[in-house]
Amino acid sequence: MTRRLPIDWRTVAGFIGLLALIIALGVIGIRQINRLNRAISELGRVEVPLQNAVAEMKSANSQYAQGIRNYIFWRSEKYLDAAAAGGRLDLVHQAAARFDRYMDLYASLATGPQERQWVAALRASEEELRAAGESILETAESLEGAAARDEAALQGALNRQLMDFESALFKIDSFLDDPIQQFNRARIERRLQLADMTQRRSTLVLFWSLIIGLALGAQTAFLTYRRGKKEQEHREFLWRRVIRTEEEERNNLSLQIHDQMGQDLSALKIYLGLVERDIVDGTPEIEKIEKAKKILDVLMEKAHNISELLRPPELDDLGLVESIGAIILQHEEMTGAKMSYVRPASALKVTEEDSLLLYRIVQEALTNIAKHSEAKNVEISLTAGGDWARLAIGDDGSGFDYHQLLEKPRRRRDDKVRLGLAGL
């Protein structure tokens, strides 16, 4: 049966919240940027061209009025400079055409009913100004070649027309300044304020969204770390429990071999001694009993060795450091290799399971060295510091490529080697 892992809903909620925040940040950022782009686009598409159109209309009217004045000055003074400036009626017509062009541009950009009323009023005032200008030009042309008695009347009419012309010009300029230009300026300021407010709002929203995102990310990372920590502690707990269970089984088996089987073998040896006492010397059975007693001695020694392998008693009696020293001395006598042992300078602070684990590693490593490496020198180092311990084992033997060995196909003759490596 497959065991389902528990779901950490707080971690899941943290991830979902972080994902939702990222999506919300993207949506808010896109909306704010679009709003800012619309404000800037509207400003560049409507308000600024409207303001430019008003300025161009004022400039065109000023040029138109200057052309009319120059023409009258030329007609009345007849100087060469005046002729050069006033004889250019084409500039007057160009100024009028430029005013009409920018008036059409302003009318195309005007959207509100009030602006459309201003366009109609401005067109009517411009028609009055043009009519006054045409009248001035006609009267100025009539002065040339007029009789002396008519010249005074024409000059008086020309002066009145000029007054009407200047009044109409001033009316148009004032109308362009206020309300049209003032209205456009106020709208541009509102657009700029809206763009600035949108930018500040976007910055504020993104700032707080970033803060919240960092907080959620930190919380999610903490929850993930805590979950990983709990899983690691759970794995360590299971590992220690497995080791403890195995060691308890080894200990029980060791006690059964030592106590029960050892006692049975001892009882069998005593019984053989009793049988041997009852048999007459020189009979063939005496030799058989002696062989049986020797076999029993070997079996008792093997049972004792198996019992020690299953649960080394020196671990409980001597401790880890001295137990490793004892097993090193034993292998040194068996193999003839020179073995050096560096003991820890400070006391080891390891659990019972870790002590057994380190002992088993040394035991298996020295067994493999004796069987396979043909080493002449072996170095074992056990160091400690604080809450950690380090075990290092090295030799000058033949060695092997661990990864290459794992890649080989499994064969029965390799099982022992692989089991040893797996155990380590």
Open item on the list: Assess the residue pair V342 and E379 against the criterion (side-chain contact (heavy atoms from CB on, under 4.5 Å)); give the C-alpha distance rounded to whole Å, side-chain angles, the decisive distance to 0.1 Å, and a yes or no.
Closed with: CA-CA 8 Å; V342 178; E379 295 180 355; over 6 Å; no
- [ ] Any chance you could measure I188, atom CD1, to R190, atom CZ, to the nearest 0.5 Å?
- [x] 10.5 Å
Open item on the list: If you count every heavy atom of other residues, nucleotides or ligands that lies below 6.0 Å from Q66 atom CD, does the total exceed 12?
Closed with: yes
Task: Sequence-distant partners of E333, side-chain contact (heavy atoms from CB on, under 4.5 Å), two or more places apart - done: L329
Open item on the list: Taking side chain to side chain donor-acceptor pair (under 3.5 Å) as the definition, give me every residue that meets it alongside Q117, ordered by chain and number, with sequence neighbours left out.
Closed with: none
Open item on the list: Cation-pi check for Y64 against R130: NZ or CZ below 6.0 Å from the six-membered ring centre and within 45 degrees of the axis, yes or no?
Closed with: yes
- [ ] Could you tell me which residues satisfy side-chain contact (heavy atoms from CB on, under 4.5 Å) with S346, sequence neighbours excluded, listed by chain and number?
- [x] A384
- [ ] Show your working on side-chain contact (heavy atoms from CB on, under 4.5 Å) between L50 and E115 and close with a plain yes or no.
- [x] CA-CA 11 Å; L50 280 174; E115 291 176 289; 3.9 Å; yes
TODO: Work out which heavy atom in L105 is nearest to a heavy atom in A53; give both atom names and the distance.
DONE: CD2-CB, 4.3 Å
Task: Taking every non-hydrogen atom, the tightest pair across A337 and A375 - done: CB-O, 3.6 Å
Task: Distance (rounded to the nearest 0.5 Å) between I172 CD1 and F99 CZ - done: 5.5 Å
Task: Main-chain N/O of D396 paired with N377 side-chain donor or acceptor, under 3.5 Å - done: no
Open item on the list: Quick check for you: to the nearest 0.5 Å, what is the distance between L366 atom CG and I380 atom CD1?
Closed with: 5.0 Å
Task: Cationic N near anionic O, under 4.0 Å, K229 to E233 - done: no
Open item on the list: For R390, I'd like to know if atom CZ has over 12 heavy atoms of other residues, nucleotides or ligands within 6.0 Å.
Closed with: no
- [ ] Give a yes or no on whether a salt bridge exists between R123 and D104, defined as a side-chain N under 4.0 angstrom from a carboxylate O.
- [x] yes
Open item on the list: Give me the atom names and distance for the closest heavy-atom approach of Q161 to S135.
Closed with: OE1-O, 3.2 Å
Task: Heavy-atom pair with the smallest gap, counting every atom of I327 and I324 - done: CG2-O, 3.1 Å
Open item on the list: Show the nearest heavy-atom pair for residues Y341 and V321, with the distance to one decimal.
Closed with: OH-O, 3.1 Å
Open item on the list: Suppose we screen for side-chain contact (heavy atoms from CB on, under 4.5 Å). Which residues come up paired with M197, at least two apart in sequence or across chains?
Closed with: L194, R200, R201
Task: For A168 against L129, the heavy-atom pair lying closest together - done: CB-CD1, 3.9 Å
Open item on the list: So, using side-chain contact (heavy atoms from CB on, under 4.5 Å) as the criterion, who are the partners of P179 when residues are at least two apart?
Closed with: W118, F175
For residues 54-61, please give each side-chain donor-acceptor pair under 3.5 Å, one per line with the distance, not counting sequence neighbours.
unit_1 : atom_1 : unit_2 : atom_2 : d
E56    : OE1    : R98    : NH1    : 2.6
K58    : NZ     : D177   : OD1    : 2.5
K58    : NZ     : D177   : OD2    : 3.3
S59    : OG     : R98    : NH2    : 3.3
N61    : ND2    : E126   : OE1    : 3.4

Open item on the list: Distance check, rounded to the nearest 0.5 Å: L158 atom CG versus E138 atom CD?
Closed with: 12.0 Å
Task: Euclidean distance, E364 CD relative to R360 CZ, rounded to 0.5 Å - done: 10.0 Å
TODO: Give, for atom NE2 of H331 and atom OG1 of T367, the distance between the pair rounded to the nearest 0.5 Å.
DONE: 4.0 Å
TODO: Under the side-chain contact (heavy atoms from CB on, under 4.5 Å) rule, what do Q181 and Q51 come out as? Steps first, then yes or no, please.
DONE: CA-CA 7 Å; Q181 199 167 31; Q51 191 70 5; 3.1 Å; yes
TODO: Show your working on side-chain contact (heavy atoms from CB on, under 4.5 Å) between L382 and L348 and close with a plain yes or no.
DONE: CA-CA 9 Å; L382 181 62; L348 284 174; 3.7 Å; yes
